[in-house]
2 protein chains.
Amino acid sequence: MSFRKVRNAHKTENTEDYLELIAELLNSKGEARIVDIANELSIAQATANKTIQRLHNQGFIKKQPYRSIFLTVKGQQIASKSKKRHNTVLKFLMNLGIDQKTASADAEGIEHHVSEKTLKKMEKFNSAKKIV
Amino acid sequence: MSFRKVRNAHKTENTEDYLELIAELLNSKGEARIVDIANELSIAQATANKTIQRLHNQGFIKKQPYRSIFLTVKGQQIASKSKKRHNTVLKFLMNLGIDQKTASADAEGIEHHVSEKTLKKMEKFNSAKKIV
DNA sequence: ATAGAAATATAGCCATAGCTATATTAATTA
DNA sequence: TAATTAATATAGCTATGGCTATATTTCTAT
Ligand SMILES: [Mn+2]
Ligand SMILES: [Mn+2]
Ligand SMILES: [Mn+2]
Ligand SMILES: [Mn+2]
């Protein structure tokens, strides 16, 4: 049963990372460009472009050809939920005593495999610690 | 930087799950059959067969056509390391207060994204708690 | 205004992991 | 032993996400 859940998580995690990153870029730079996404993810621009097309087809993204990218409401919802969850996991790892760099790296993968129940426990753990 | 690490983890995690499972089957039933692997992973037998062929080509598995499967030394090493890590993560989640079922499901995904440093912290946390 | 640079898009390739349908071999049972 | 059932293998399809090379469009500077 668990393996099926993990496979489902893997289907959505690339989407989650893209949407979270796009939201961050929109927030910090005012626009999200494919070239920035490719840089942040350390992938080729053609790869980023292809995935962006998929996200557009799936209704997560608004865009015009050759223009920068925006989130639909559907996309925003996933982005903000993912960001919150990411932050909880990151703080949790740091509260466990892990250095910021390692915690960042691990959180990037772990975040997609944390259930609601586990997330609640992490939040509780964070509340009892320094980094909240 | 982190995203590249996560992608690398995803490249190896299916391999790790297969080898860990094969080791378990060899241990409990004396042999590992493709039909059992497919059942445990909740995938079609053809899919399991194809991945087993890949693992064979990559030197993790010994096999004869139409016969059950064994691990090479290389395969055994990854299996035992993965099993140990899996166990640490599972115990850690349970020590955090998560029920066994949820902890099992989450551990199946999280295990592949845990660095050596984080693993050490989890072990330390486990030592201070009940479930070791 | 236009040439060159930068960004985006597309084409065509690879690997992986899913699936169903079908063929082949092995194991069981009548 | 022969027929049936079970297991394994193969073929052919889909989707995803990597890559490089090249085309197209937009932006920037001269
Ligand atoms: Mn994230
Ligand atoms: Mn992530
Ligand atoms: Mn796993
Ligand atoms: Mn993962």
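On a predicted model such as this, the values are computed, not experimentally measured, just so you know. Proteins get letters first, then strands, A, B, ... in listed order; numbering begins at 1 in each.
Take Asn8(A) and apply the side-chain hydrogen bond (donor to acceptor under 3.5 Å, both in side chains) test, not counting sequence neighbours, and it matches no residue. Under the salt bridge (Lys or Arg N to Asp or Glu O under 4.0 Å) criterion, Lys50(B) pairs with no residue, sequence neighbours left out. Considering only residues two or more places apart in sequence or on other chains, Gln76(B) meets the side-chain contact (heavy atoms from CB on, under 4.5 Å) condition with Leu71(B). Evaluation of the salt bridge (Lys or Arg N to Asp or Glu O under 4.0 Å) rule for Glu16(A) yields Arg85(A) as partners, not counting sequence neighbours. Partners of Arg4(A) under the side-chain hydrogen bond (donor to acceptor under 3.5 Å, both in side chains) rule, at least two apart in sequence or in another chain, do not exist in this structure.
The distance between atom CG of Leu41(A) and atom P of dG18(D), rounded to the nearest whole Å, is 8 Å. Here the P atom of nucleotide dG18(D) and the CD1 atom of Ile43(A) are 5 Å apart, to the nearest Å. When rounded to the nearest whole Å, the span between NZ of Lys11(A) and C1' of dA15(D) equals 10 Å. Look at CZ on Phe60(B): it is 11 Å from P on dT16(C), rounded to the nearest Å. In this structure, Glu13(B) atom CD and dA17(C) atom P are separated by 10 Å, rounded to whole Å. Atom pair Ile69(B):CD1 and dA7(D):C1' shows a separation of 11 Å (rounding to whole Å applied). At whole-Å resolution of the value, CG in Asn8(A) and C1' in dA15(D) are 14 Å apart. Counting to the nearest Å, the C1' atom of dA15(D) and the CG atom of Asn57(A) are 13 Å from each other.
OP1 or OP2 of dA17(C) has at least one side-chain nitrogen or oxygen of Asn14(B) nearer than 4.0 Å. Phosphate contact (OP1/OP2 of dG17(D), side-chain N/O of Thr47(A), threshold under 4.0 Å): absent.
The number of heavy atoms from other shown groups lying within 6.0 Å of NZ (Lys74(A)) is above 12.
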Expected string for nucleotides 1-15 of chain C under the B/S/- scheme (protein heavy atoms, under 4.0 Å, primed atoms plus P, OP1, OP2 as sugar-phosphate) is ------SBBB-----
